[in-house]
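See below for the structure under consideration.
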Amino acid sequence: MRENRKYFYYPGCSLKGTSLAYEKSLLAVFKYLGFEAPELPDWNCCGATSYMSIDEMSAFSLAVRNLAIAEKEKRDIVAPCSACYMVLNKAKKYVEEYEGVKDVIFKGLEKIGLKEHFKGDVKVRHPLDIFINEIGIENIKAKIKRKLNGVRVFSYYGCLLVRPFTDFDNPRYPTMLDNLVSATGAETIESALKTKCCGGSLTGTLENVGLRLSYLILKEAKRKGAHLIVTVCPLCQFNLEAYQDRMEKIFHDKLGIPVIFFTQILGVAFEIDGKELGFNHSLIYPDILYQKALV
Amino acid sequence: MKDNKFEPKILGIFCNWCTYLAADLAGVSRMDYPSNIRIVRTMCSGRVDPQFVLWGFKNGADGILIGGCHPGDCHYIEGNYKTLRRYLILKRILREMGINEKRLRLEWISASEGEKLQRVVREFTEEIRNLGPISEDRAFKLQLAEHKK
Amino acid sequence: MDKIKGNGEIRVGVYICHCGTNIAGRVNIKEVVEFASKLPYVVVSREYKYMCSDPGQELIKNDIKELKLNRIVVASCSPHLHEHTFRKACEDAGLNPFNFQMANIREHVSWVTKESKEATEKAKAMVRAAVYRVVFHESLERKSQEINPNVLVIGGGIAGISASLVVADSGKKVYLVEREPSIGGHMAKFDKTFPTLDCASCILTPKMTQVKDHPNIELFTYSEIEEVDGYVGNFKVKIRKRARYVDVEKCVGCYACIEACVYKEGKFPDEFNEGLSKRKPIYIPFPQAVPLAAVIDPATCIQFLSGKCKRSCQQACERGAIDFDMRDEIVEVQVGAIIVATGFKTFDPSRIPQYGYGRYQNVYKSIEIERLVNSSGPTGGEVILRDGRKPQSVGIIHCVGSRDKNYNIWCSRVCCMYSLKLAHLIKERTHAEVYCFYIDMRTPGKGYEEFYHKLMEEGVHFIRGKVAEVTDWAITPEEEGKLVIRVEDTLIGVVRRIPVDMVVLAVGLEPQPDADEIRRLLNISCSKEGWFLERHPKLAPVSTFTDGVFIAGACQGPKDIPDTVAQAEAAAAEALSLIDRKKIELEPNTAWIDEEKCSGCHICIGLCPYSAISYNEERKIAVINEALCKGCGVCVAACPSKAAQQRLFLDDQIYAEIEGALL
Amino acid sequence: MAEKAKVAFYWCASCGGCEEAVVDLAEDILQVVDKAEIVFWPVAMDFKREDVESLKDEEILVTFINGAVRTSEQEEMVRLLRKKSKILIAFGSCAYTGGVPGLANSYSREEILSFYYKDGDTVFNPDNKRPTPHFIEGNFAFEIPEFYERVYAVDQVVDVDYYIPGCAPTRKVVKNSIDALFSSQIPPKGSVLGASSRSLCSECPLNETKPEKIYLKSFKRIDKSQPESDKCLLIQGYPCLGPVTRGGCEALCVKANYPCTGCFGPVDGVKDYGAKAISFLSSIIDSIDEKEIEKIIDEGLSNPLAIVYRYSLPKSLIFDTKIKKNGG
Amino acid sequence: MEHKITIDPITRLEGHGKIEIFLDEKGNVEKAFLVVPELRGFEIFVKGKPAEDMPIITPRICGVCPTAHHMASTKALDDLYKTQPPSPAKKLREMLYNMFMLEDHALHVYVLGGPDFIVGPKAKKSERNVLGVIQKVGLEVGKKVISMRREIRELMTLLAGKVIHPAWGVPGGVTRGIKKDEKENFVKVAEKGVEFALFTLKVFKDIVLSNKEYVDLILSDAYTHRTYYMGLVDENKKLNFYDGKIRVVDPDGKEYALFDVRNYRDHIAEHVENWTYIKFPFLKKVGWKGFVDGKDSGVYSVAPLARLNACDGISTPKAQEAYEEFYKNLGGKPVHHTLANHWARVVEMIYAAERFLELAKDPEITSDNIRKIPTETPTVGIGVVEAPRGTLIHHYETNEKGYITKANLIVATQNNSARISMSIDKAARNLIKEGKYDEGILNMIEMAFRAYDPCHACGTHSLPGNIPVLINIRNKDGKIIETIKNFE
């Protein structure tokens with residue numbers, strides 16, 4: 001019924017700002033794999049951030065507008081940012097389940113002439129889901145030009161991606177990212193912390209708490225001898241990477257662990273040029289990926 | 001019954017082995033549901049002749065709920081599939097006659113599904129309550145037109 | 001309601017049952033009695049506290065005699081409960097029992113209706129329906145059927161074994177069917193049994209041997225039920241004897257073949273030891289196995305994989321018991337009753353990834369520990385970790401997969417007790433610190449609570465709280481290299497991290513994965529959880545809604561050994577009492593064809609699931625073989641010319657009932 | 001001249017086919033004339049309503065009524081004739097079960113009138129005229145009867161003694177019925193005269209071409225398929241109504257290789273012809289998959305009502321109700 | 001004082017009709033109306049029904065000419081499914097159709113309209129019936145008539161299931177053909193038919209045309225209306241009942257229109273009155289000018305006379321002869337005398353019989369190539385035939401699955417309804433003067449009416465032999481002050 005669906009790429013604010021590297025690498029990898037996902041025309045904020053806590057309805061309205069635009073074109077949405085992914089899905093679910101929400105939202109949609117286009121048919125999917133279930137590990141393996149043998153990777157999911165709305169992985173102990181990363185030849189590390197909070201949401205308000213949470217994860221990675229951390233979420237990536245120097249001071253520990261996006265490591269395995277993968281934005285450059293030893 | 005609200009009459013025709021037992025179970029478990037439903041038992045839902053349904057509507061049922069075993073679970077191997085076929089055509093007949101097809105419902109409720117029985121009867125009763133009396137359906141309006149004058 | 005023709009004078013008696021307060025508490029009986037008395041053909045309308053009691057029945061009998069009643073309606077509970085009681089009463093009073101109709105005003109009215117007024121109205125409707133219907137009832141003859149005295153028992157665990165022995169001892173033939181190569185079931189894997197701590201095999205093995213030697217028991221191991229046909233008293237059962245490639249008759253269990261196997265030592269996970277040890281492609285499940293005969297696993301045997309094996313086993317067997325060409329074989333048996341004792345399976349803890357089973361090698365399932373502590377187990381009863389270390393600290397997590405709506409909502413009933421047992425045994429063997437993490441301790445049963453106290457005195461730590469996760473994530477140095485159990489200790493209200501060497505997951509009990517197939521084969525029902533459904537939770541705990549099929553043991557719901565055996569012997573008794581009736585009377589609700597009406601249109605013939613209908617070439621009409629008819633009425637509903645009709649469910653009876661119900 | 005039995009004929013909403021059927025008695029009609037004196041036959045003779053009124057109650061031995069009741073005039077006449085007749089017979093499908101005009105019962109009077117006099121393709125009605133009962137124009141006063149909301153079978157208006165099935169009743173059936181009426185022992189009230197007590201299959205020449213068991217993977221429509229001759233039409237997939245339809249017509253349509261359309265109505269004991277028909281048709285659908293079943297119905301029977309209630313909609317249980325006296 | 005005369009019943013169009021005559025103060029006719037008190041609503045309730053069912057349902061409009069409806073409907077299906085029957089099927093249909101025309105006309109000539117002339121308009125009413133006819137022409141003939149009809153109808157039954165109502169026609173063909181061994185019988189009956197038709201013409205000439213009185217009557221102004229005429233003609237503009245184009249000639253006999261039935265809506269419209277359930281078709285482009293004749297009034301006429309007026313001749317030899325003779329005697333085309341319908345009908349009988357014979361003999365007639373199964377998606381279909389009583393049009397529209405979404409029918413007699421009303425009015429005016437009524441008017445009005453052989457003018461006339469008519473003359477209060485009737 002939904003066979004050969006088409007997709008829109010929904011960037012959200014992060015991928016246009018702090019996480020340009022994510023957008024670049026994602027699009028580069030999509031291009032390389034021949035997966036088409038034009039940017040969602042006239043998209044707006046997903047409704048995450050403070051909206052959700054201050055005025056849920058407005059947040060949902062924002063989210064659903066994006067959904068409606070996509071559904072109008074009979075396309076599904078690919079949302080790389082975990083926050084967008086979660087909020088868009090949440091909004092869809094609430095509209096389905098709560099008449100009250102539905103009525104308000106639909107009134108809104110009617111005003112902007114999108115009502116008749118929105119039946120709730122659109123799916124919101126994460127690139128990870130796309131790689132695993134649409135493109136397929138095997139096809140990806142087949143396209144790999146450069147085996148990353150010997151690289152030890154801590155594949156880190158963060159809190160938002162896998163719960164509560166995910167159906168493509170186990171919310172308590174996800175494994176899809178590990179599978180994908182190991183497809184590149186890299187070795188992944190088992191860790192109970194792969195879904196622990198990165199502290200991101202707190203760093204702004206309760207810095208010492210937030211940083212401690214971030215630190216625990218970096219420390220675990222270090223303890224398990226990971227060369228680098230691979231993540232699927234712009235917020236996690238930013239938090240884990242940006243504050244390492246400050247953590248070193250507070251916790252008297254040497255860190256300097258590269259934190260990159262899973263699309264970047266794929267890109268390396270595909271031998272896509274580093275610039276296209278946005279490594280120029282990295283604060284801690286993952287040299288390991290380019291060491292001759294690997295080749 | 002509750003005043004000023006329309007209380008529909010609902011007929012339940014349940015198979016002896018699944019849905020009737022589910023109703024017994026609901027009873028044993030004291031799961032209350034609206035008293036609008038009146039239950040008639042047949043050995044198998046496959047015994048339900050479409051004539052029974054029309055007869056039920058004619059005799060004042062505002063809604064009719066046929067209950068059988070889940071597909072594959074029929075005590076008589078596949079009686080419930082025959083029920084399904086008859087039901088699917090019967091709904092079209094009702095539609096054409098001018099009776100809201102929602103007034104007829106077929107549900108698979110196994111002997112262990114007391115809750116499901118309760119849920120379905122509640123839903124169905126509410127749905128029919130909202131549909132209003134069957135005498136308001138086109139077929140009956142036409143039928144009674146001359147009488148009204 | 002329609003006029004009825006040629007039924008003579010109709011005299012109906014209506015009896016409304018209070019059922020104590022069960023009905024009277026909700027339904028205004030007086031009003032209903034009054035209402036009934038005004039219904040057409042009703043001669044008398046009475047009420048009584050308990051119609052099913054003797055005096056209640058007497059009431060009916062007397063009225064039949066004195067008031068010349070020829071139709072009886074009782075409004076009380078579900079016909080599934082007492083229809084047969086009241087029919088009997090009619091019969092005793094000389095009235096054909098089928099001139100009776102029951103109105104279900106308890107299960108379907110008083111128990112499910114809040115408002116008394118509504119309940120009363122509904123009760124009236126149900127009574128009216130019954131009265132309208134009964135008027136069209138007619139006298140019918142019951143057909144009776146010989147009962148085959150043999151009994152089939154499905155499942156060779158402790159339940160099946162106990163049931164078989166009881167039946168066999170009474171002199172009846174028993175066919176015992178077990179899917180595994182040996183009988184014994186889960187119990188055979190246990191070392192001790194709670195709370196008495198007597199040795200499981202010491203009490204089980206003798207029973208297993210009895211089964212083997214019993215003249216009245218025919219044992220089918222490594223076999224499964226293929227097909228069940230027929231009905232109470234006359235079941236035809238096809239049993240598939242899977243090829244074990246070793247002739248059980250010839251094999252003496254000398255292990256020669258196993259030693260001779262080209263594999264020098266075991267290479268494949270040993271099912272009986274829960275994979276804690278390895279076996280060869282040819283093996284004997286365990287030393288006390290019954291039958292004590294080897295079996296070849298074709299999935300791992302070179303001969304079957306490549307066809308190029310030396311077959312050293314075959315040469316080694318002096319009795320020539322090994323036969324690689326053995327095929328599955330279908331045996332058909334005839335029985336009068338069936339006892340289902342297919343048992344349970346244990347919950348797979350890898351479904352709860354945060355407990356780390358399968359990821360951390362020192363996380364065990366309870367059933368694995370049963371083998372570890374078992375003297376005949378892989379470690380000869382020593383409790384050691386996979387790396388050979390003795391654990392100094394062990395955590396036992398209760399309710400794994402039980403009492404959790406993410407997995408199984410029910411309490412598995414045995415986990416608390418077996419956890420205590422394991423705690424005791426582990427402590428006894430290793431002197432380790434043992435922690436039990438429980439939600440609630442549930443120890444109902446003779447000597448159970450006492451056992452719990454004993455354990456507390458032994459110094460086992462009991463921590464009340466549902467474990468959040470088992471992790472190797474060390475925060476403090478002392479956690480390094482250990483498994484940390486994170487749990488909120490709800491008694492002191494703090495989150496604790498407890499490092500241990502070994503984690504035992506007290507997994508719950510689940511229905512067998514293929515319980516549904518058995519259910520369909522036997523036409524019985526399952527609860528929505530998948531446990532087989534008893535006819536009545538209190539009054540008919542081992543019967544099912546399919547006459548002649550009984551259930552025993554954990555296939556009906558989690559239970560411990562004492563309860564299982566009790567239930568098994570109860571089922572055996574039920575089966576025996578059925579068989580000893582020699583004859584059973586069949587409900588005369590069969591269909592027949594009115595020859596004056598049938599046009600021979602063939603519609604009904606293909607619809608009968610039992611091929612009871614055929615076309616008579618001479619008379620050019622359809623005919624029903626009533627011996628084969630099971631009375632579903634599908635043909636009746638389909639018959640385009642009302643030639644096919646069904647006794648007890650005549651169109652007119654149903655029309656009348658519907659009309660009456662829609663008060 | 002000896003007292004002949006008085007006989008009356010009346011038509012209601014019908015096509016005249018039933019009168020034709022009487023004329024088709026051809027030579028045989030003369031017998032009838034011998035036996036009976038026709039006292040009322042608006043088609044034929046002008047005894048007026050007043051003349052009927054002037055008769056004694058039950059003075060007429062037999063009245064044959066064909067056609068269904070749709071107007072006030074028809075209702076009044078039927079009541080009057082009932083009063084004056086010993087035996088009243090519903091003649092033909094329309095009188096018996098409502099007939100083809102009865103299909104109108106799934107539409108309202110207004111829908112019909114507005115199409116006829118307003119929306120119809122060829123209607124030219126600028127000043128929006130409408131036939132109106134008791135219409136007065138200047139000093140012209142017109143009496144046209146009221147057009148009822150629905151169609152009634154005759155026994156929904158008055159008590160009927162016998163039924164003669166068929167649209168139209170075949171020559172044989174009419175003859176049998178008349179013989180039965182003038183025979184020594186009168187058949188029991190409510191009987192269907194002249195036809196068989198079994199359904200059509202019993203006299204259908206193709207019945208023996210049926211296999212033991214009948215299952216259908218699809219229903220065929222005759223618009224885009226041609227039935228094989230000499231092979232049961234039902235097993236070919238055509239919803240032939242033979243199994244549910246009273247025999248007696250000698251399977252004329254089937255002999256013309258056309259599936260039975262059911263004009264003889266149900267056999268005794270069937271309360272609702274259409275419901276029974278779908279019951280047997282759906283039962284033999286060879287599928288247990290809801291989607292597939294829906295598909296099968298969609299392709300072959302997507303408007304089952306049209307097929308199974310061609311002649312009997314007003315007698316469907318839903319519509320089977322007596323008209324209130326002088327309902328109009 | 002106002003008088004109202006009710007003549008009831010006349011005969012049946014969709015139920016029975018009655019005539020209302022209103023007199024003015026002086027007792028002269030102010031207006032006479034034909035009132036048709038019934039309606040059944042086929043166009044509406046066929047909605048949603050499968051198209052292929054139309055040939056089954058629509059014949060129930062008229063049980064006297066079911067074959068006409070069946071055929072019009074079947075042809076509409078051909079058009080709907082954009083298919084044409086293979087030649088054998090087409091021939092079978094046309095043969096069945098001509099068989100029907102033959103027996104139906106025969107019925108009218110001998111049993112309905114015939115008596116007026118054969119026995120004589122002034123003859124005692126008791127004699128003016130089929131029995132009277134038999135006396136006059138001899139029992140043999142009477143038997144011949146009855147058996148002729150029966151034999152034809154039995155063959156129709158064999159071929160098309162039932163004669164009332166047929167179950168036979170399907171888009172692109174028919175469901176049953178003629179078996180080799182059946183053919184002979186058809187030919188035999190057809191030959192009889194021709195012989196019978198010619199015999200009928202002879203009878204008609206002997207008795208009617210040889211009698212000046214009758215001829216005058218036919219030519220008399222009372223029965224004359226100068227209207228348009230409509231009929232179906234083949235590619236050579238010759239008479240055809242089964243197929244062809246619709247041709248309309250004006251009161252001067254000039255071709256006014258020649259069109260494919262698919263365009264009927266450009267040419268035909270229906271007028272509505274409050275006092276009758278029947279509608280009055282008229283020529284759309286001329287327009288409705290009320291119940292008046294002449295070139296400016298859209299009123300037109302159909303049925304035998306109209307058909308002969310509308311065609312340029314007949315393709316079969318004997319019928320052509322009769323056709324020429326017909327116009328020679330009636331002063332050339334077009335003939336406006338309503339009563340000439342009887343003669344025209346006999347001419348048509350000959351054509352029907354000859355055509356029947358041609359087709360029965362046709363080698364193709366026993367072919368089993370009787371169906372071309374449609375493949376196209378149905379949309380709109382319009383079909384036409386010439387029913388005994390005039391042009392009959394069926395028009396269906398369906399969804400892509402072939403379920404009716406719209407239907408429109410122009411029923412044969414309906415086309416004549418305006419002219420019939422006019423005839424009645426004219427007859428009434430001529431015959432009722434100063435409140436004086438002579439019994440003759442009843443007969444005259446009858447004849448005027450019967451000439452059209454209105455659909456449903458049922459065979460049942462044969463028993464009493466005349467249309468019974470009663471006139472009640474009421475005063476304002478509706479009290480009957482005088483009654484006249486034409487039976488004892």
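To find a chain, count down the sequence lines: A is the first, B the second, and so on, and within it residues start at 1.
Contact annotation for C:Q646: only side-chain heavy atoms (C-beta onward) come within less than 4.5 Å of a heavy atom of chain B. Proximity to chain B is absent for every atom of C:A130, based on heavy atoms less than 4.5 angstrom apart. Contacts between B:R41 and chain C at a heavy-atom distance below 4.5 Å involve backbone atoms as well as side-chain atoms. Contacts of B:C74 with chain C are made by backbone atoms alone, with heavy-atom separations under 4.5 Å and no side-chain atom involved. Interface remark: C:C635 contributes no atoms to any contact with chain B (heavy atom separation under 4.5 Å). Only the side chain of C:R519 comes within less than 4.5 Å of a heavy atom in chain B; its backbone stays farther off. With a 4.5 Å cut-off on non-hydrogen atoms, C:L648 does not touch chain B at all. With a 4.5 angstrom heavy-atom cutoff, C:N22 touches chain B only via side-chain atoms. Heavy atoms closer than 4.5 Å to chain C are found nowhere in B:Q118, neither backbone nor side chain. Residue C:A129: no heavy atom, backbone or side chain, is found under 4.5 Å from chain B. Looking at B:V48, the atoms closer than 4.5 Å to chain C (heavy atoms on both sides) all sit in the backbone: N, CA, C or O. The contact between C:I654 and chain B is made entirely by side chain atoms (from C-beta outward), counting heavy-atom distances below 4.5 Å. For B:L21, the part lying under 4.5 angstrom from a heavy atom of chain C is the side chain only.
Side-chain N/O atoms of C:N104 and B:D24 include a donor and acceptor closer than 3.5 Å.
Among all heavy-atom pairs drawn from C:A637 and B:R86, the shortest one is CB-NH1, 3.5 Å. Closest heavy-atom contact between C:A661 and B:V40: CB-CG2, 4.3 Å. The shortest non-hydrogen separation linking C:K528 to B:S112 is N-OG, 3.5 Å. Smallest separation of non-hydrogen atoms from C:F649 and B:M43: CE1-CG, 3.4 Å. C:L533 approaches B:A111 most closely through the heavy-atom pair CD2-CB, 4.0 Å.
Here C:S527 is the residue among C:A119, C:G660, C:S525, C:S527 with the most heavy-atom pairs under 4.5 Å with chain B. Counting heavy-atom pairs closer than 4.5 Å to chain B, the top residue among C:E107, C:E529, C:E587 is C:E107. The most heavy-atom pairs under 4.5 Å with chain B, out of C:P537, C:C77, C:S78, come from C:S78. For the set C:D516, C:T113, C:N523, C:V636, the entry with the most heavy-atom pairs within less than 4.5 Å of chain B is C:N523. In terms of heavy-atom pairs under 4.5 angstrom with chain B, the leader among C:H536, C:K114, C:R106 is C:K114. Among B:A61, B:G60, B:P34, B:A26, the residue with the largest count of heavy-atom pairs under 4.5 Å with chain C is B:A61.
Using a 4.5 Å heavy-atom threshold, the side chains of C:E659 and B:W55 count as touching. Using a 4.5 Å heavy-atom threshold, the side chains of B:R47 and C:V634 count as separate. Taking 4.5 Å as the limit, some side-chain heavy atom of B:I39 sits within range of a side-chain heavy atom of C:M126.
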Could you walk me through whether B:Y20 and C:H80 satisfy the ring pair (Phe, Tyr, Trp, His ring centres under 6.0 Å) test, starting with their C-alpha distance in whole Å, then the side-chain angles of each, then the deciding distance to 0.1 Å, before giving a yes or no?
CA-CA 10 Å; B:Y20 191 91; C:H80 282 278; 5.8 Å; yes

Please report the C-alpha distance between B:N16 and C:F545 in whole Å, then the side-chain angles of each, then the deciding distance to 0.1 Å, and finally whether the side-chain contact (heavy atoms from CB on, under 4.5 Å) criterion is met.
CA-CA 10 Å; B:N16 182 60; C:F545 288 106; over 6 Å; no

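Put simply, CH2 on B:W17 and SG on C:C632 are 12.0 Å apart, with the number rounded to the nearest 0.5 Å. Atom OG of C:S110 is separated from atom CG of B:D32 by 12.0 Å, given to the nearest 0.5 angstrom. One finds the CZ atom of B:F57 at 10.0 Å from the CG atom of C:L662 (value rounded to the nearest 0.5 Å). Rounding to the nearest 0.5 angstrom, the gap separating the OG1 atom in B:T42 from the CD atom in C:Q653 is 13.0 Å. Atom CG of B:N36 sits about 8.5 Å away from atom NZ of C:K122, to the nearest 0.5 Å.
Ion pairing of B:D49 with C:K642 is absent here, as no side-chain N (NZ or NE/NH1/NH2) approaches a carboxylate O to less than 4.0 Å.
In this structure, B:K102 places its NZ atom where only 12 or fewer heavy-atom neighbours from other residues, nucleotides or ligands lie under 6.0 Å away. By the neighbour-count criterion of 12 heavy atoms within 6.0 Å, atom NE2 of B:H70 is densely surrounded, having more than that number from other residues, nucleotides or ligands.
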